[in-house]
Number of protein chains: 2
Amino acid sequence: MKANIYDVSTKAGVSIATVSRVLNGSANVSDKTREKVHAAMLELGYTPNAFARGLGLGSMNTIGIMCSDSSDTYLANAVYHLEHELRKNGYDSFLCCSGYELETKKQYLKLLLSKQVDALILVGSSFLDMTPENNQYIVDAAQQVPVMLMNAALDKPNIYSVLCDDFHAVKHATSSLIQTGHRRILFLYKSHSYSGNEKLAGYRKAFKKHQLEVDERLIQRCPKKLSENIRFIAGLYDMGLEFDAVIASEDIMAVGAVKFAKSRSLRIPDELSIVGFNNSVLAECSEPAVTSIDNRVEALSVTTVNQLMQLFAGRDVPQKIMISADLVQRATTNFPPA
Amino acid sequence: MKANIYDVSTKAGVSIATVSRVLNGSANVSDKTREKVHAAMLELGYTPNAFARGLGLGSMNTIGIMCSDSSDTYLANAVYHLEHELRKNGYDSFLCCSGYELETKKQYLKLLLSKQVDALILVGSSFLDMTPENNQYIVDAAQQVPVMLMNAALDKPNIYSVLCDDFHAVKHATSSLIQTGHRRILFLYKSHSYSGNEKLAGYRKAFKKHQLEVDERLIQRCPKKLSENIRFIAGLYDMGLEFDAVIASEDIMAVGAVKFAKSRSLRIPDELSIVGFNNSVLAECSEPAVTSIDNRVEALSVTTVNQLMQLFAGRDVPQKIMISADLVQRATTNFPPA
DNA sequence: CATGAGAATGTAAGAGCTTACAATGTGAAA
DNA sequence: TTTCACATTGTAAGCTCTTACATTCTCATG
């Protein structure tokens with residue numbers, strides 16, 4: 001049924017080695033032969049079997065990408081840019097959405113390794129657990145292939161990181177809020193993750209710099225779903241928690257804050273200033289549009305792939321690259337121009 | 001370096017056939033042997049080589065998924081649900097983002113076939129060109145493996161479709177707008193695609209039903225990017241095109257319409273009613289939140305995978321399944337309750 | 001015309017797994 | 001104890017390709 005290399009070689013009247021040479025663009029084939037082979041391939045509708053090639057070659061230039069959830073706008077973007085960039089460099093990618101369970105992550109990582117990927121890219125800080133032994137499976141994987149972490153860092157051999165400077169970005173945004181007169185800044189985060197912690201540290205640092213105390217009640221873990229996070233923020237407000245600004249670790253929560261403000265007729269940004277994170281399309285869609293920290297997914301993705309290519313080329317590569325974030329001001333803050 | 005099945009068999013003191021049996025969960029292995037083998041695998045950090053397995057088995061239970069652009073919210077969601085559902089059924093997926101160029105599409109489809117996928121899922125109506133010969137490459141692929149189209153239809157052997165009833169959804173929404181007094185309904189579409197045409201046909205049908213003429217100037221191709229589509233809509237308005245309602249084939253355009261209305265102080269929904277499409281999170285984030293047609297990505301994805309599983313089980317499967325859409329009313333329309 | 005270098009092609013041995021079939025082992029029934 | 005059925009294990013061929021090495025061809029040179 002499906003044609004293989006033997007069928008092609010028979011039809012073209014050459015040996016399979018020659019067909020293979022044509023397939024791989026080897027120089028040592030005469031033009032006439034090459035044409036005969038191409039014709040035979042076309043006629044038979046031949047598609048080389050990637051399994052056999054992979055087995056023979058030991059690799060098929062594919063990179064395993066793992067993220068927790070590709071329906072998340074941010075991760076989807078990252079994956080998109082990664083895939084695009086990889087392909088530009090002649091690599092395929094194999095995507096796995098692992099969800100948030102440790103066991104599934106382990107299992108999927110094993111799956112990727114079994115596919116003989118040449119490297120692994122783990123996207124998102126949700127891959128780093130705060131308990132070191134829960135990251136052991138990543139360290140183990142790094143014994144087989146290089147591992148690139150995007151938005152997370154782990155100081156182990158053969159593990160490289162490309163991340164956004166969330167710490168300074170949040171520190172700067174918080175500082176700007178303080179400078180524009182805000183003292184009660186609600187900090188909303190999604191979960192305890194590497195970048196979540198960085199952001200929080202930036203928040204604290206800004207307060208420290210201004211010699212202000214942090215009210216721990218202002219640091220809240222917030223649900224992601226819009227309807228829920230609106231209710232959550234309103235709940236805090238109704239319980240008497242006072243705040244005059246919000247920094248959210250995801251745009252969707254910032255949008256929630258906007259909706260909450262509207263529901264209570266709080267004026268934005270006068271009575272409530274809001275800063276989001278990721279600078280996704282959500283921030284633009286909101287009304288008023290949300291000021292957001294742009295952590296530059298595309299730059300991160302491109303850099304990640306570049307690092308990998310450097311590594312493959314045998315060059316030395318820094319274990320950790322930090323990219324600075326941009327603050328995109330829109331209508332939910334009135335920071336003075338830089 | 002990397003352990004293979006021979007290493008395991010040596011270490012466990014059994015033949016490779018037995019190791020293979022353990023690997024594949026075959027029943028004919030004694031418990032004692034199974035344990036020995038497992039221990040050896042663990043000790044060697046053995047990961048089976050998927051290329052070799054695939055070569056031996058002829059297939060590795062993987063499905064090729066192709067979409068134009070996984071950074072698109074809608075497609076990202078579709079891909080997410082597809083992957084999830086496939087995995088539930090024991091299948092891996094291989095994702096390719098083809099972009100919008102015909103040549104790239106062909107090339108990537110070939111790539112997927114070379115990976116020996118057991119089936120292809122093409123997501124999104126952008127895969128069907130209006131020129132039939134440009135779809136030939138899909139028809140060809142269907143000779144090798146079943147092809148599932150999500151949100152598109154092509155009546156050819158071994159090609160199956162799962163789609164949303166965009167026609168009736170738009171017809172109904174348009175009708176509702178007409179019934180609530182609107183006559184000048186701007187129809188914004190992204191491109192000439194299968195579902196784009198269906199939507200437009202629904203629009204026309206509604207006018208016909210109410211014995212009204214369609215003003216062709218109200219049918220406009222609109223850019224997708226928010227900043228651009230706001231400008232585009234404003235441009236139409238400034239050129240003197242009158243409209244009292246908008247139906248957009250994507251939520252992002254509906255959000256653009258909202259932003260436009262605000263910029264001109266048009267009251268929503270009184271002076272301008274707006275209906276979006278996809279019921280994405282954007283529709284919720286907008287202020288006022290946008291009424292949107294929910295074309296039920298998850299249901300589509302689940303159905304697509306189910307169809308495929310039926311097919312693999314050798315059962316008869318309808319060539320085309322239509323799923324009806326929901327209209328989710330929010331603040332940009334005032335349709336009477338159903 | 002003989003020779004030799006280099007290009008073009010072919011042969012055959014893998015790559016790591018599955019599995020049909022053969023061989024061996026086990027225990028119950030005779 | 002023998003025999004038979006069946007569970008367990010091993011042997012070897014096969015899946016499709018790559019590639020080192022061997023062979024053959026071509027043609028300029030002596």
Side-chain angles (χ1 to χ4, degrees), chain A residues 1-38 40-41 44-62 92 110-111 113-118 144-145, chain B residues 1-38 40-41 44-62 92 110-111 113-118 144-145:
Chain A
M1 175 84 219
K2 236 188 255 180
N4 62 18
I5 200 171
Y6 292 96
D7 301 326
V8 176
S9 80
T10 306
K11 171 138 291 185
V14 299
S15 74
I16 59 163
T18 301
V19 177
S20 175
R21 286 189 190 99
V22 172
L23 221 50
N24 294 287
S26 159
N28 299 323
V29 180
S30 73
D31 291 351
K32 201 161 42 163
T33 310
R34 194 190 316 279
E35 268 177 33
K36 271 195 304 186
V37 172
H38 275 142
M41 285 178 174
L44 292 168
Y46 171 66
T47 313
N49 181 321
F51 290 144
R53 294 192 79 191
L55 190 57
L57 289 163
S59 135
M60 272 294 275
N61 284 3
T62 93
D92 291 334
K110 191 114 192 173
L111 174 73
L113 287 177
S114 82
K115 305 264 183 191
Q116 310 303 111
V117 294
D118 298 306
Q144 307 211 18
V145 293
Chain B
M1 174 85 221
K2 235 188 256 181
N4 62 20
I5 200 170
Y6 292 95
D7 302 327
V8 175
S9 79
T10 307
K11 171 138 290 187
V14 298
S15 75
I16 59 162
T18 302
V19 177
S20 174
R21 286 189 191 101
V22 171
L23 222 49
N24 294 288
S26 160
N28 298 324
V29 181
S30 73
D31 291 351
K32 202 160 43 165
T33 310
R34 192 189 316 278
E35 269 177 32
K36 272 194 305 188
V37 173
H38 274 142
M41 286 178 171
L44 292 168
Y46 171 67
T47 313
N49 182 321
F51 291 144
R53 295 192 80 192
L55 191 56
L57 289 163
S59 136
M60 271 294 275
N61 285 1
T62 93
D92 291 334
K110 191 116 190 171
L111 175 73
L113 287 177
S114 83
K115 305 264 183 191
Q116 311 302 111
V117 294
D118 298 305
Q144 306 211 18
V145 293

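Values reported hereafter were calculated over all heavy atoms of this structure, with side chains retained and with hydrogens, waters and symmetry mates removed. Below, read A as the first sequence line, B as the second, and so on, with proteins coming before strands; counting in each chain starts at 1.
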**Request:** Report the nucleotide, chosen from C:dT19, C:dG16, C:dA12, that has the shortest atom-to-atom distance to any side-chain atom of B:Leu57.
**Result:** C:dT19
**Asked** Rounded to whole angstrom units, what separation is found between the CZ atom of A:Phe51 and the P atom of C:dG14?
**Response** 24 Å
**Prompt:** Is there a side-chain contact between A:Thr47 and A:Lys2, using heavy atoms and a 4.5 Å cut-off?
**Reply:** no
**Prompt:** Under 4.0 Å between a side-chain N/O of A:Ser15 and OP1 or OP2 of C:dT9, yes or no?
**Reply:** no
**Prompt:** Between atom CG of B:Leu23 and atom CD1 of B:Ile16, what is the distance when rounded to the nearest 0.5 Å?
**Reply:** 11.5 Å
**Request:** Could you tell me whether B:Val19 contacts a base, only the sugar-phosphate backbone, or nothing, with contacts defined as non-hydrogen atoms closer than 4.0 Å?
**Result:** nothing
**Message:** Using heavy-atom distances to pick each residue's nearest nucleotide on DNA chain D, tell me which of B:Ala52 and B:Ser30 is more 5'.
**Reply:** B:Ser30
**Message:** Mind checking if A:Asn49 touches a base, just sugar-phosphate, or nothing, with heavy atoms under 4.0 Å?
**Reply:** sugar-phosphate
**Request:** Look at the side chain of A:Leu55 and decide which nucleotide, out of D:dT18, C:dG10, C:dG16, has an atom nearest to it.
**Result:** C:dG16
**Closest to the B:Val14 side chain, choosing from D:dC17, D:dG10, C:dT11** = D:dG10
**Message:** Rounded at 0.5 Å granularity, tell me how far NZ in A:Lys36 sits from OG1 in A:Thr18.
**Reply:** 9.0 Å
**Prompt:** Can you check the B:Lys32 NZ to D:dT8 P distance for me, whole Å?
**Reply:** 12 Å
**Asked** Between B:Asp7 (CG) and C:dA15 (P), how many Å, whole number?
**Response** 11 Å
**Item:** Protein-nucleotide distance (A:Asp31, atom CG; C:dA8, atom C1'), rounded to Å
**Value:** 12 Å
**Request:** Select base, sugar-phosphate, or nothing to describe what A:Asn4 touches, counting heavy atoms under 4.0 Å on all strands.
**Result:** sugar-phosphate
**Message:** For D:dT9 and B:Asn28 - does any side-chain N or O of the residue sit under 4.0 Å from the phosphate oxygens OP1/OP2?
**Reply:** no
**Request:** Verify, without hydrogens or angle tests, whether A:Asn49 (side chain) and A:Phe51 (backbone) share a donor-acceptor contact under 3.5 angstrom.
**Result:** yes
**Item:** Selected nucleotide, minimal atom distance to B:Thr18 side chain, candidates C:dG10, C:dG16, D:dT9
**Value:** D:dT9
**Request:** Could you state the atom-to-atom distance from NZ of A:Lys2 to C1' of D:dC15 in whole Å?
**Result:** 13 Å
**Prompt:** If you check the A:Tyr6 side chain, which of D:dT16, C:dA15, D:dG10 turns out closest?
**Reply:** D:dT16
**Request:** Take atom CD1 of A:Ile5 and atom P of C:dT11, then tell me their distance rounded to the nearest Å.
**Result:** 14 Å
**Prompt:** Between C:dG14 atom P and B:Ile16 atom CD1, what is the distance in whole Å?
**Reply:** 15 Å
**Item:** Side-chain N,O (A:Tyr46) to OP1/OP2 (D:dC17) below 4.0 Å
**Value:** yes
**Fill in**
Among the nucleotides C:dT9, D:dT18, C:dC17, whichever has the atom closest to the side chain of A:Ser20 is D:dT18
**Item:** Options C:dA8, C:dT11, D:dT9, nucleotide nearest the side-chain atoms of B:Thr33
**Value:** D:dT9
**Prompt:** What residue among B:Asp118, B:Asp92, B:Val117 forms side chain to side chain contact (heavy atoms under 4.5 Å, CB included) with B:Asn61?
**Reply:** B:Asp118
**Request:** Please check the phosphate of C:dG16 (OP1 and OP2 only) for any side-chain N or O of B:Arg53 closer than 4.0 Å.
**Result:** no
**Request:** Send over the distance from A:Arg21 CZ to D:dT19 C1', rounded to a whole Å.
**Result:** 8 Å
